[in-house]
**Q** 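Please read through the structure below; I'll follow up with questions.
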Amino acid sequence: MRFEAIGLDGAWLVHPERMQDSRGYFVRTFCVNEFREHGLETGFPQHSVSSSSNKGTVRGMHFQRDPHGEVKLVRCLTGAIWDVIIDIRPESPTFRQSRGFELSGENGLQLYIPKGFAHGFQTLHDDTRVNYMISEFHVPGAADGIRYNEPAFDVKWPLRVTMIAEKDLSWPDFKA
Ligand SMILES: Cc1cn([C@H]2C[C@H](O)[C@@H](COP(=O)(O)OP(=O)(O)O[C@H]3O[C@H](C)C(=O)[C@H](O)[C@H]3O)O2)c(=O)[nH]c1=O
């Protein structure tokens with residue numbers, strides 16, 4: 001794996017290093033030693049997958065309220081997403097800054113998202129599945145969010161939104 005700092009404090013893009021042969025490829029997607037060498041979280045007690053049928057679906061922006069913040073390692077298993085993170089840590093040098101990346105089954109890129117970031121994505125293909133490795137056990141009551149079109153941030157989405165949960169349209173205005 002190759003680790004690329006992406007300019008938002010503590011967030012990384014993890015590039016796959018595929019071992020190709022005539023059958024296809026083999027790729028390591030996680031390693032405690034390699035993550036520890038980069039000072040990254042190595043404990044992910046819960047792994048989850050979301051599946052979205054329709055291109056243009058938006059999930060997010062989500063985060064867990066303190067003290068239940070989560071580190072997430074996100075990758076796209078099939079299809080493709082525009083994956084967006086927003087630094088919502090008031091003390092961070094990159095507070096309020098956001099970045100977006102195309103993650104796909106094809107490119108195998110992973111996004112390492114520290115605690116204190118809001119995360120969301122829009123699917124770029126039908127039948128897109130996204131894998132999460134999560135550093136904390138899920139606490140439903142700590143779930144919080146930001147509207148995908150919150151005026152406090154300059155997040156650009158590639159497609160018209162085709163599906164979005166009612167709760168994701170109803171998050172309150174962002175207050176630092
Ligand atoms: C996140 C999560 C959810 N759930 C349950 C709660 C709901 O009954 C159901 C769907 O949850 P939710 O509507 O939050 O799923 P998404 O809209 O895909 O949200 C996720 O996608 C955005 C982009 C994220 O970054 C978060 O990881 C996560 O919030 O799964 C669990 O049981 N465990 C979990 O860790």
Side-chain angles (χ1 to χ4, degrees), residues 6 8-14 29-30 35 40-89 92 94-105 107-150 152-172 174:
I6 60 166
L8 295 182
D9 190 35
W12 295 77
L13 202 55
V14 183
T29 55
F30 175 71
F35 273 61
L40 303 185
E41 177 63 55
T42 58
F44 296 96
Q46 288 194 331
H47 299 191
S48 301
V49 171
S50 74
S51 178
S52 304
S53 306
N54 292 11
K55 173 177 176 181
T57 298
V58 167
R59 292 177 182 256
M61 309 295 291
H62 297 161
F63 61 95
Q64 293 289 99
R65 280 190 298 276
D66 285 344
H68 303 292
E70 299 167 337
V71 176
K72 296 173 200 168
L73 183 61
V74 176
R75 66 188 157 103
C76 190
L77 300 173
T78 55
I81 60 173
W82 183 250
D83 207 35
V84 175
I85 57 175
I86 305 172
D87 188 348
I88 55 173
R89 303 167 298 183
S92 166
T94 53
F95 177 48
R96 288 177 181 265
Q97 294 184 29
S98 65
R99 290 286 310 269
F101 300 90
E102 182 169 338
L103 309 184
S104 70
N107 69 26
L109 288 173
Q110 298 187 84
L111 192 55
Y112 178 91
I113 308 167
K115 295 181 182 182
F117 279 74
H119 173 243
F121 64 81
Q122 181 171 38
T123 60
L124 304 177
H125 292 190
D126 290 343
D127 301 325
T128 286
R129 292 187 304 126
V130 175
N131 190 80
Y132 298 85
M133 293 169 63
I134 304 168
S135 68
E136 311 298 330
F137 293 100
H138 184 58
V139 177
D144 208 332
I146 296 169
R147 294 189 308 276
Y148 76 100
N149 54 357
E150 165 61 57
F153 308 106
D154 180 26
V155 177
K156 301 276 186 288
W157 300 94
L159 303 174
R160 177 181 62 81
V161 176
T162 56
M163 294 197 83
I164 185 167
E166 193 49 47
K167 67 168 183 175
D168 285 342
L169 293 171
S170 318
W171 298 114
F174 177 75

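Counting starts at 1 for both ligands and their atoms, following the listed order. Please read these numbers as outputs of a predicted model, since none were measured by experiment. Note that the numbering runs from 1 along the sequence shown for the chain.
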**Q** So if I only count non-hydrogen atoms and take anything under 4.0 Å from ligand 1, which residues does that give, chain by chain?
**A**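 Around ligand 1, where the cutoff is 4.0 Å for heavy atoms, the contacting residues are R59, H62, K72, H119, G120, Y132, H138, K167.
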
**Q** With rounding to the nearest 0.5 Å, note down the distance linking CG in L111 to CZ in R99.
**A** 9.5 Å

**Q** Indicate whether the side chain of R129 and that of S50 have a donor and an acceptor atom separated by less than 3.5 Å.
**A** no

**Q** Taking V71's backbone N and O only, do any of them form a donor-acceptor pair with E136's side chain (distance below 3.5 Å, no angle check)?
**A**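 Not at all, since once roles are kept as given, no pair shorter than 3.5 Å links the two residues.
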
**Q** Excluding sequence neighbours, so at least two apart, what forms side-chain contact (heavy atoms from CB on, under 4.5 Å) with E150?
**A**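 Checked E150 against side-chain contact (heavy atoms from CB on, under 4.5 Å); matches are I146, R147, A152, F153, D173, F174.
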
**Q** Could you tell me which residues satisfy side-chain hydrogen bond (donor to acceptor under 3.5 Å, both in side chains) with K55, sequence neighbours excluded, listed by chain and number?
**A** none

**Q** Which residues satisfy the side-chain contact (heavy atoms from CB on, under 4.5 Å) test with V161, sequence neighbours excluded?
**A**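 V161 satisfies side-chain contact (heavy atoms from CB on, under 4.5 Å) with V58, Q122, Y148, I164 only.
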
